[in-house]
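Notes for the one structure printed next.
First the proteins, then the strands, lettered A, B, ... as listed; each starts at 1.
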Amino acid sequence: MSDYGEHEATDDPLQVLRHSTAHLLAAAVMELYPDAKYGIGPPVQDGFYYDLAFTKPISESDLGAIESRMRRIVNEDRPFVHETLTRDEAMAEFRKRGQDYKLELIADKVEGDEVSVYRTGDFLDLCRGPHVRSTRDLKAFKLMRVAGAYWRGDESKPQLTRIYGTAWQTPKELDDYLKFLEEAEKRDHKKLGKELKLFALDERLGLGQVVWLPDGTTIRRELERWIIDEELKRGYRHVITPHLAKLDLYKKSGHWQLFHDTMYPPMRFEDGEELELRPMNCPHHIVVYDQDMHSYRDLPLRIAELGQNYRLEKSGELMGMVRVRSFNLNDAHIFCTPDQVIAEVRGAIELANYFMSVLGVDDYWYRLSVRDNVKTKWAGTDEEWESAEAMLKEALDSLSLPYKVSPGDAAFYGPKIDFQVKDAHRREFTNNTVQVDYQLPKKFELEYVAEDGSRQRPVMIHRGAFGAFERMTAYLIEHYAGAFPTWLHPVQVIVIPITDAQLDYARTVADRLRSLRLRVEVDARSERMQRKIRDGQARKVPYMAIVGAREAEAEHVNVRDRSGDQVDSSLDSFASMVATEVAERRR
RNA sequence: GCCGGCGUAGCUCAAUUGGCAGAGCAGCUGUUUUGUAAACAGCAGGUUACGGGUUCGAUUCCUGUCGCCGGCUCCA
């Protein structure tokens, strides 16, 4: 049987419960708004939604009344009744109810003559099920918000009102979820980024333009140094290329034709020259490759750059530092022979995994993004796509990494492996990526001289092993809730003199730590120690070195870490302890 | 871009049915020299996002713009 709702049917009890709650929602809405038309209502992560068309728009203030009606239906103990109708019967039923969207779904998605429907009191829905036995089984739910959603996900189709809700097996789980949302709010990188003065988004600079403040920049520079060193160890060569290029370059690569809507309008000059802010770095690195004749002996050639890119994302798509209009990508393009591809892909995956493991990021999954059957969207031959996909799979398999195939998520020039991470609110996004590309080398007629003297075409691997600094930093802020590991924290140690009499000693301590390249502040304010500690805690500083008369006398420090633990230590051993922790990038 | 919500001091929030815009924190100036999460006092801080409208009177009601938040669409 086909899947009418465009979501996967499942027997998982929680999914079934959420799906049933979606029906309950639609049933309640239909009682309160008899003119409404219902679209689809699947379970989703943490809950469910239902898309409905209202004759008058509703807002979140209407959710309370809908939720009350839902509870009333719960108390009525209405059974979920499964029925199988013929196609004609089903069409007649939904036509009678004026449910045009359901008619469209039956016409498009139901195969054969049997149509599975569920009845809950008067409410009838096209649905494969399964469902809970009765509305009384639905105990722990809450409507969350309304949003617009295009019918069947198509921007050109009408926009329905989507009502989101959350649903759980027990009231306690619901309560836990609501508490989780509160906690997530506190970790939000937009909130912490402001509190900790890491970055700013200022409308005077334009939408989606990130200002890295001094402390945020410290973190970023630390990451950059680390990344560049790790890449150097792995044979990457770094380049620096302009943020601008002639528009023709992007016409030749094919990006302009596909993405001009999200590229900045070109700057046009009197002599006819057109310059474009680059939306990606690939064509620049192709120009780097093309500076020389290449022998197969030169390959693989790994060209890396911390490259600034500019994309004119639609205003509604922007989100904090996760989705911006200008970002810096830890980018690289590996030019190699076809039989080097698998090893190079594997190396790129391993590098990305290494970065993630040092940062303590372990909650992510591998998405093998391949083309779908809309052939016009994808450049290149079937053979090239099949070969590229096979090589990505083999690289993943050889590392014993599990992955999920995702049709339609490929780049236009080839399939890719995406590293999918989740933010504090469990929203998923792509961070790192590895892509195999036969198309751009062809478009730019790249060559190398093979062992037998013939001219061959290299394969290009695009890879962002760390991802974009903006997005990754946003992720890290939420991951650590602002309490960065010592090696990344903008201020590693605050020295706190208890009275002014220890100021000189405090500065001695600071100098000593700075001589080990640690980032240190002395809190010389005319405040009480308690106050300085409190402020240090608020900034989530890893260590506070408190120095009073006793410590100054003994050349000690009283170390308080951000968990509140205290220990007395000689200055020497404290200094070497912190320096070691930083050198090892300990978490 | 579309749908819904929200914009009051640097930050977090108040302000009866439309009736003089307030508080805490942060900032500044003093005093205080302190032993592990907030010393005390004073001062200053605003065209209530911005522009129209209704009204004797608008933070409050209507409207347009801008921005932010949550979704949708998109994501090379």
Side-chain angles (χ1 to χ4, degrees), chain A residues 44 49 51 54 57-63 144-164 185 188 190-191 194-195 197 201-204 206-207 250 253-263 278-283 309 311-320 322-323 327 329 331 369 379 409-414 416 418 425 427 429-430 433 435 437 439-440 462 464 468 471 496-503 525-538 544 546-551 558-562 564-567:
Chain A
V44 291
Y49 66 77
D51 285 347
F54 290 88
I58 68 157
S59 75
E60 271 158 43
S61 56
D62 300 308
L63 293 183
M144 303 299 284
R145 57 177 53 92
V146 306
Y150 300 106
W151 172 236
R152 300 180 83 175
D154 186 339
E155 209 173 357
S156 67
K157 296 214 162 95
Q159 194 165 39
L160 307 184
T161 300
R162 175 170 296 180
I163 301 179
Y164 277 97
E185 213 58 53
D188 190 293
K190 298 183 289 296
K191 181 181 158 71
K194 185 175 203 116
E195 279 174 15
K197 302 186 198 303
L201 295 159
D202 189 310
E203 60 184 284
R204 286 171 291 188
L207 295 187
Y250 305 106
S253 70
H255 287 98
W256 174 254
Q257 292 83 329
L258 269 152
F259 295 112
H260 60 270
D261 282 351
T262 45
M263 289 169 69
R278 66 175 173 193
M280 90 300 297
N281 311 305
C282 348
N309 292 161
R311 296 182 187 176
L312 201 56
E313 308 285 2
K314 291 188 227 168
S315 60
E317 288 163 349
L318 302 172
M319 181 168 85
V322 172
R323 196 78 184 273
F327 56 92
L329 197 62
D331 205 2
S369 299
D409 279 322
F412 75 89
Y413 47 71
K416 57 193 175 107
D418 296 317
H425 285 89
R427 289 177 293 212
F429 55 91
T430 300
T433 177
Q435 318 174 348
D437 175 13
Q439 305 312 317
L440 292 182
H462 307 236
R471 184 171 281 194
I496 298 179
I498 292 176
T499 75
D500 287 354
Q502 288 87 45
L503 256 177
R525 291 177 303 166
S526 169
E527 293 286 352
R528 296 167 67 216
M529 173 200 62
Q530 284 88 336
R531 173 51 166 271
K532 297 177 182 180
I533 289 172
R534 182 184 155 84
D535 290 346
Q537 290 284 157
M544 285 178 255
I546 294 156
V547 295
R550 294 199 293 272
E551 287 76 18
N558 192 280
V559 181
R560 179 192 167 108
D561 69 25
R562 60 188 158 197
D565 291 343
Q566 298 164 40
V567 59

**Asked** Over how many whole Å does the gap from A:Glu203 atom CD to B:C69 atom P extend?
**Response** 12 Å
**Request:** Give none if B:C72 has no partner; otherwise give the nucleotide forming a Watson-Crick or G-U wobble pair with it, both distances under 3.5 Å.
**Result:** B:G1
**Partner nucleotide, any strand, of B:C61 [Watson-Crick/G-U, under 3.5 Å]** = B:G53
**Prompt:** For B:G70, does OP1 or OP2 lie under 4.0 Å from any side-chain N or O of A:Arg427?
**Reply:** yes
**Message:** For the P atoms, the ones on B:C61 and on B:U48, what distance do you get once it is rounded to whole angstrom?
**Reply:** 16 Å
**Prompt:** B:U36 P sits how many Å from A:Gln502 CD, rounded?
**Reply:** 14 Å
**Message:** Taking any heavy-atom pair under 4.0 Å as a contact, classify A:Gly414: base, sugar-phosphate, or nothing.
**Reply:** nothing
**Item:** Test salt bridge (charged side-chain N to carboxylate O under 4.0 Å, His left out) applied to A:Asp51 and A:Arg162, A:Arg152, A:Lys157, the passing residue
**Value:** A:Arg162
**Prompt:** Do A:Asn558 and B:U36 have a side chain to base donor-acceptor pair shorter than 3.5 Å?
**Reply:** yes
**Complete:** Side-chain contact check for A:Arg528: nearest option of B:A39, B:C11, B:A76 is B:A39
**Request:** Report yes if a donor N or O on one partner sits less than 3.5 Å from an acceptor N or O on the other, where the partners are the side chain of A:Arg323 and the base of B:C74; otherwise report no.
**Result:** yes
**Message:** Give me the distance, rounded to whole Å, that separates B:U12 from B:G45 when you measure between the C1' atoms they each carry.
**Reply:** 16 Å
**Request:** Would you tell me if any nitrogen or oxygen in the side chain of A:Lys191 comes within less than 4.0 Å of OP1 or OP2 on B:C11?
**Result:** no
**Prompt:** Heavy atoms under 4.0 Å, any strand shown: does A:Gln537 hit a base, just sugar-phosphate, or nothing?
**Reply:** base
**Asked** Is A:Glu551 touching bases, backbone alone, or none of the nucleic acid, heavy atoms closer than 4.0 Å?
**Response** base
**Message:** As a test of reading the structure: which of B:A39, B:A37, B:U36 is closest to the side chain of A:Glu527, going by heavy atoms?
**Reply:** B:A39
**Fill in**
What one should report as the nearest heavy-atom pair of A:Ala468 and A:Phe327 is CB-CD1, 3.9 Å
**Request:** Looking at every strand, decide which applies to A:Lys416 at a 4.0 Å heavy-atom threshold: base, sugar-phosphate, or nothing.
**Result:** sugar-phosphate
**A:Leu312 CG to B:G1 P, straight-line distance once rounded to whole Å** = 10 Å
**Least distance between heavy atoms, A:Ser61 atom then A:Ser59 atom** = OG-OG, 2.8 Å
**Message:** What is the separation between atom CE on A:Met529 and atom C1' on B:U32, rounded to the nearest whole Å?
**Reply:** 15 Å
**Complete:** Judged by nearest nucleotide, the residue sitting upstream toward the 5' end of RNA chain B, A:Ala501 or A:Ile58, is A:Ile58
**Gap between atoms CZ and C1', on A:Arg550 and B:U36 respectively (whole Å)** = 11 Å
**Prompt:** Looking at the side chain of A:Ile498, which of B:G35, B:U36, B:U73 is the nearest nucleotide?
**Reply:** B:G35
**Prompt:** Going by atom types alone, do A:Asp418 and A:Thr430 pair a side-chain donor with an acceptor below 3.5 Å?
**Reply:** no
**Request:** Look at the side-chain N and O atoms of A:Lys532 and state whether any lies under 4.0 Å from the OP1 or OP2 oxygen of B:U33.
**Result:** no
**Prompt:** Which part of the nucleic acid, if any, lies within contact of A:Tyr49, taking any heavy atom under 4.0 Å across all strands shown: a base, the sugar-phosphate backbone alone, or nothing?
**Reply:** nothing
**Request:** Report the base-pairing partner of B:G42 (Watson-Crick or G-U wobble, both distances below 3.5 angstrom), or none.
**Result:** B:C28
**Side chain of A:Arg162 - closest among B:U33, B:G71, B:U36** = B:G71
**Which nucleotide in B:U33, B:G67, B:C72 has an atom nearest any side-chain atom of A:Ala149** = B:C72
**Request:** Could you work out the separation of B:G52 and B:G10 based on their C1' atoms and round it to a whole Å?
**Result:** 30 Å
**Prompt:** Just checking A:Leu258: base, sugar-phosphate only, or nothing, at a heavy-atom cut-off of under 4.0 Å?
**Reply:** nothing
**Asked** Hey, does the side-chain of A:Ser253 have a donor or acceptor N/O within less than 3.5 Å of a partner on the base of B:A76?
**Response** no
**Prompt:** B:C25 and B:G42: how far apart are their P atoms, nearest whole angstrom?
**Reply:** 12 Å
**Item:** Distance between P atoms of B:G22 and B:A15 (Å, rounded)
**Value:** 14 Å
**Item:** Sidechain N-carboxylate O distance under 4.0 Å for A:Lys190, A:Asp188
**Value:** yes
**Message:** Side chain of A:Leu207, heavy atoms from C-beta onward: which of B:G67, B:U34, B:C11 has the nearest atom to it?
**Reply:** B:G67
**Message:** Working to the nearest 0.5 angstrom, can you tell me the gap between A:Glu60 CD and A:Met144 CE?
**Reply:** 9.5 Å
**Message:** Within the 4.5 Å heavy-atom criterion, are A:Ile58 and A:Ile163 side-chain neighbours or not?
**Reply:** yes
**Side-chain N,O (A:Tyr164) to OP1/OP2 (B:C72) below 4.0 Å** = yes
**Item:** C1' atoms of B:A44 and B:U29, separation to the nearest Å
**Value:** 10 Å
**Asked** Counting only Watson-Crick or G-U wobble pairs whose two distances fall under 3.5 Å, which nucleotide matches B:A21?
**Response** none
**Prompt:** Does A:Gln159 make a side-chain donor-acceptor contact with the base of B:C2, cut-off 3.5 Å?
**Reply:** yes
**Request:** Please state whether the base of B:A37 and the side chain of A:Arg560 form at least one donor-acceptor pair under 3.5 Å?
**Result:** yes
**Complete:** Per nearest nucleotide of RNA chain B, the residue lying toward the 5' end, A:Val559 or A:Ser526, is A:Ser526
**Request:** Would you mind reading off the distance between A:Asp565 atom CG and B:U36 atom P, rounded to a whole angstrom?
**Result:** 15 Å
**Message:** Students often get this wrong, so: under 4.0 angstrom with heavy atoms, is A:Ser59 touching a base, only sugar-phosphate, or nothing?
**Reply:** sugar-phosphate
**Asked** A:Glu155 CD to B:G71 C1': how many Å, rounded?
**Response** 14 Å
**Request:** Starting at CG of A:Asn309, measure out to CG of A:Asn281 and round the result to the nearest 0.5 Å.
**Result:** 4.0 Å
**Prompt:** Between B:G70 and A:Arg145, is there an OP1 or OP2 to side-chain N/O distance shorter than 4.0 Å?
**Reply:** no
**Donor-acceptor pair present, A:Glu317 side chain and B:U73 base, under 3.5 Å** = yes
**Message:** Angle between ring planes, A:Tyr413 versus A:His462, binned at 30° and 60°: parallel, tilted or perpendicular?
**Reply:** parallel
**Message:** Quick check: do A:Arg560 and A:Gln537 have side-chain heavy atoms less than 4.5 Å from each other?
**Reply:** yes
**Complete:** pair_partner(B:C6), Watson-Crick or wobble, both distances < 3.5 Å, evaluates to B:G67
**Request:** For B:A58 and B:G51, measure between their C1' atoms and round to the nearest Å.
**Result:** 15 Å
**Item:** Touch class at under 4.0 angstrom, heavy-atom based, for A:Leu201 against every strand present
**Value:** nothing
**Asked** Between A:Glu313 (CD) and B:C2 (P), how many Å, whole number?
**Response** 17 Å
**Item:** N/O donor-acceptor pair, side chain A:Tyr150 with base B:G71, under 3.5 angstrom
**Value:** no
**Asked** Are A:Ser315 and B:G1 close enough that a side-chain N or O sits under 4.0 Å from OP1 or OP2?
**Response** yes
**Item:** Touch class at under 4.0 angstrom, heavy-atom based, for A:Ala549 against every strand present
**Value:** base
**Asked** Mind checking the P distance from B:U60 to B:U8? Whole angstroms is fine.
**Response** 13 Å
